[in-house]
Amino acid sequence: MVFAAPGEALTRAEELLGADPSPLHASVAHQVIGIWQRDFGDTRQALAHLRRARDLAARAESAEREADVLATLGVALVHAGRTRAGLAAFERGVARGSGHTRARVLFRRAYVWWVLGRHREALEDVRRAIPVLRQADDVIWTARALTLRATVHLALGSVERADADFTAAELLWDTTGQEHDKADAVESRGLAAFRSGDVPAALRLLDEAAERYAKLGTPTFMLTIRRCEVLMAAGLATEALTEADAAVAALDGIGGQSTRKAELLLVAARAARLAGEPQTSLARAAVAVRLFAGQRRTWYETHARLVLIEARVATGHGSGRLVADAAAVAERLAAFGAPAAPEASLLAGRIALDLGWTADAERHLAVAARSRHGGPPLARMTGWAAQALRARAAGSARGVLEACRRGLDVLDDHRMTLGASELRARATAQGAELAALAQRASLVSGGPRRLLGWSERWRATVLSAPPTRPPADPVLLTAMTAFRELAARAEEARTDGGRPAPALEREQRRLEREIRSRTLHMRGEAPGDGDRFDVGRLLRRLGDEVRLVELAVLDGRVHVLLCGQGRVRRFEAGLLAEAEVEAEHVQAGLRRLAHPGAEARLPLVEAAGVRLQRLLLGPAAAHLGSGPVVVVPPGRLHRVPWALLPALRERVLSVSPSASSWLRARDTAPPPGGRHVLVRGPGLASGGAEVPELSDRYAGRRTPGEGGTGAPPPGVPAGGGTAGEGATVVLEGGDARVPRVLRELDGAALAHIAAHGTFRADSPLFSSLRMADGPLIVHDFERLDRSPYRIILPCCDTARFASVGADELLGLVTALLPLGTAGVVACTAPVNDAAVVPLMLALHKGLDAGLSLAEALRDARAALPGDAVHQATGWAFSAFGAA
């Protein structure tokens, strides 16, 4: 009962002790309280109760009872960090027990061997226990033993054996009422899914286990460790670090298990390293090493030492001593049969290479490279990274490129198993080293065309295929509706009283977590992307007039790849870091110019534009010709207002996340019918003043929204469906509600959405446009069968992105491009709302004349008044895509 209903078991045990029980029964009660304290409370209290239970069992002269208590005491001692005393208790327990009781003692000792990382001993004890437990028809303990054996198999990399044991254990659990153990089985299946490379399934199963544990009131420290491992594999290292640190604090607060604290610190150290916080990683790993050493847990201590060395390297420390330390760790991990052994060999080889020790590097890298032929995706990538470094050391550019290609192919296949666009984007970080190696090799040996090919190979890959459509999950749909309602109420409270509503915002954050969690569970539907980038095809589509400027960054310097007139030319420009600083200065200047009275800053902003051009285009600026220009910047330059650069100011200019994305946009055909949708959301400073004028302009083909005047088109019921072909629908006031807006946007030719935009740097897919009933978020757009062919977003922050992964951007615009949108006009800086109105009216005038978005935006800028506010407003807007 202490696992199936822990609170009830604790109450019953305390009641029993209050009734003056016999020594035998009192021993049971103290043992139950000890188990509860060990797993859910204070370890020191647990040890006191278990020692009392052991003494009472001896007084009762029951050898079997004493053996059982000694096993429980042994587990508690090991979790408290007193490994030698714990193993001694097990020795006495095995000697005192017999038959069925001894089998239970052996199972618990096997569990302790697993905690200590001594997997061979664990398998031996559980091998001896299972036949006896089966013969005694002990379903619960047999299922526990099978689950443990499966977990040990996973630690040794034997996924198939683990699956077989997990399946057998689940069949047994289905016949019992042990809800805690059933939750543990779900958690274990999540671990198995993770080890086999299925990250969405792992997240789904671990979240399901968490829900089950929550109903039982069970602490979930082990679950947190496993979930953090999956989050790191998914590229969510910062979240993993936050969760691990919170769990350590909670464990310290209850005086919990020392063993779990050490494991959580190890996870936190790994997460900090992956999150780019090497000093934090060093601190966490050092404490974990000390704890594991004191607990005599060599397996875990060795893994912690690996992270410690990685953190030292990340802080800039490279030495012969670290090579020797990494090699020793690799040998110990290999002796354990640990899957992390190739990672340690790769680390030793990488440090040796940096020191110029080529012979040592080759020896270590050759060992690491063996993992490229088998195992989960990330292990194979480790192997291909080692192979690429071997080829580089040998001076074989061809070998480097082949290894990088093979490694990135592995990651491509893994990436496409992920349904959520966020996970796809973040997963690319794991291929960043391979992509950089390939770019350097191609720069040295292959010329500009090859460098362009490799620049495209790992640029904006999240846009290479549409994200998996969110499932028709009623829980998810309900959560999204509730989130929207709460967000609207919170916004109303802030507007009315000027103060936030903490209770509403807490519930809003909880719903955000639920929506995001369920979205991350989605599996990818598409195989690896077979549509490889073709430089020749790009040059044919560009022709003689259009120039595409792709900016590649190698070792901190911007390289300009100028494509057009049938060739690719390379120019060196400035340092990326300097360009980023200059771009932030420009953003600050544009923010000031959005308000009247800042005219004196206009020359400063224009001068910054000249400096940005020198840093980003360099000598290529003189070779752009006179035709349209497409700029393909790296993710870290997404906030540059490209129209401010003198060489681009009078151009037909568009921006694209990648050349491949631009080609797909060029090949996207507009939908039949040409339906226009005009949306005006609440709370705009200008009131969305351009929408009524555009509505009058399109009056001849207007269809009213809900609550409007006039009859709906034939075949469409009032207040539902979508407008007919060629019609224009206007949604404003109470009509501009998310469900109706989404229905009308689906498959439209043009959408103009004047709505307050909010960019969420912390969670970019919750970036939103404010509608009458709450926020329209990126997750909503992903439900569209086809997003509008052209979209105009006239409000602030609509073209802001979060740069994640290797070179990926997450935000509203990038979410739309793979869903069928071929072109977007949006702004990268705060703008003056009144100045936006004439810009938008001029933009639509150009579109009515048959111009593309980029052509119409250029003409609209030229038509604006020459004052500082209007000039800054024009520069802040960009045309994305190719429509």
Side-chain angles (χ1 to χ4, degrees), residues 43 77-87 112-119 155 221-222 224-226 228-229 232 237 240-252 255-348 350-351 364:
T43 306
L77 285 166
V78 169
H79 275 312
R82 300 179 58 185
T83 301
R84 182 179 295 173
L87 293 176
V112 160
W113 290 134
W114 170 70
V115 169
L116 295 174
R118 294 169 63 173
H119 299 110
F221 297 114
M222 193 68 228
T224 297
I225 291 167
R226 289 170 171 171
C228 287
E229 289 178 351
M232 285 186 280
L241 175 59
T242 300
E243 289 195 21
D245 280 349
V248 170
L251 194 66
D252 285 343
Q257 299 169 354
S258 172
T259 50
R260 288 287 177 263
K261 179 176 181 178
E263 292 163 26
L264 284 164
L265 285 168
L266 172 56
V267 167
R270 288 186 58 222
R273 182 183 60 79
L274 293 172
E277 299 184 29
Q279 294 295 342
T280 301
S281 181
L282 268 175
R284 304 288 191 278
V287 178
V289 166
R290 288 199 300 272
L291 287 174
F292 286 132
Q295 295 162 4
R296 298 172 179 267
R297 301 172 71 188
T298 311
W299 163 281
Y300 287 99
E301 181 190 349
T302 307
H303 281 81
R305 288 191 183 280
L306 171 59
V307 180
L308 191 63
I309 297 167
E310 289 172 332
R312 284 174 177 158
V313 172
T315 57
H317 295 86
S319 65
R321 175 63 182 272
L322 282 183
V323 175
D325 288 347
V329 165
E331 287 180 12
R332 283 198 293 272
L333 290 173
F336 290 140
E343 188 181 330
S345 293
L346 174 60
L347 178 62
R350 188 181 281 123
I351 303 169
H364 298 305

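This chain uses plain numbering: 1 for the first residue, then up along the sequence.
Across every non-hydrogen atom of L87 and R118, the tightest pair is CD1-NH1, 4.2 Å. Contact between A314 and P278 at its shortest, heavy atoms only, is CB-CB, 3.8 Å. In terms of heavy atoms, V78 sits closest to G86 at CG2-CA, 4.1 Å. Considering every non-hydrogen atom in both A250 and F221, the closest pair reads CB-CE2, 4.1 Å. The minimum heavy-atom distance linking A286 with L308 is given by the pair N-CD1, 3.8 Å. Taking both residues in full, the closest heavy atoms of A304 and A288 are given as CB-CB, 4.2 Å, listed atom of the first, atom of the second, then distance.
In this structure, R297 contributes its side chain and V115 its backbone to a donor-acceptor pair below 3.5 Å. No side-chain donor-acceptor contact under 3.5 Å links E343 to the backbone of L306. In this structure, the side chain of T43 engages the main chain of G255 through a donor-acceptor pair within 3.5 Å. Checked by atom type and distance alone, the side chain of S281 never pairs as donor or acceptor with a backbone atom of R270 at under 3.5 Å.
Between R296 atom CZ and E301 atom CD the span is 11.0 Å, to the nearest 0.5 Å. The distance from the CD atom of E263 to the OG atom of S258 is 9.5 Å, given to the nearest 0.5 Å. A distance of 9.5 Å separates CG of L265 from CZ of R290, quoted to the nearest 0.5 Å. The distance from atom CZ of R273 to atom CZ of R284, rounded to the nearest 0.5 Å, is 15.0 Å. Atom CZ of residue R260 and atom CG of residue L251 lie 9.0 Å apart, to the nearest 0.5 angstrom. Residue M222 holds its CE atom at 8.5 Å from CG of L264, rounded to the nearest 0.5 Å.
Side-chain atoms of H364 and V323, non-hydrogen and from C-beta on, do get closer than 4.5 Å to each other. Between W113 and H119, every side-chain heavy-atom pair lies at or beyond the 4.5 Å cut-off. The closest side-chain heavy-atom distance from I351 to I309 is below 4.5 Å. The side-chain heavy atoms of V329 and L347, taken from C-beta on, include no pair separated by under 4.5 Å.
The side-chain contact (heavy atoms from CB on, under 4.5 Å) test with V307 is passed by exactly one of R305, E310, H303: E310.
Between F336 and W299, the ring planes are tilted. Angles from 30° to 60° get that label.
Between R226 and E229 there is no salt bridge, since none of the side-chain N atoms of the basic residue sits less than 4.0 Å from a carboxylate O of the acidic one.
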- Task: Check the pair R312 / L282 against side-chain contact (heavy atoms from CB on, under 4.5 Å), numbers first and verdict last.
- Result: CA-CA 7 Å; R312 284 174 177 158; L282 268 175; 3.5 Å; yes
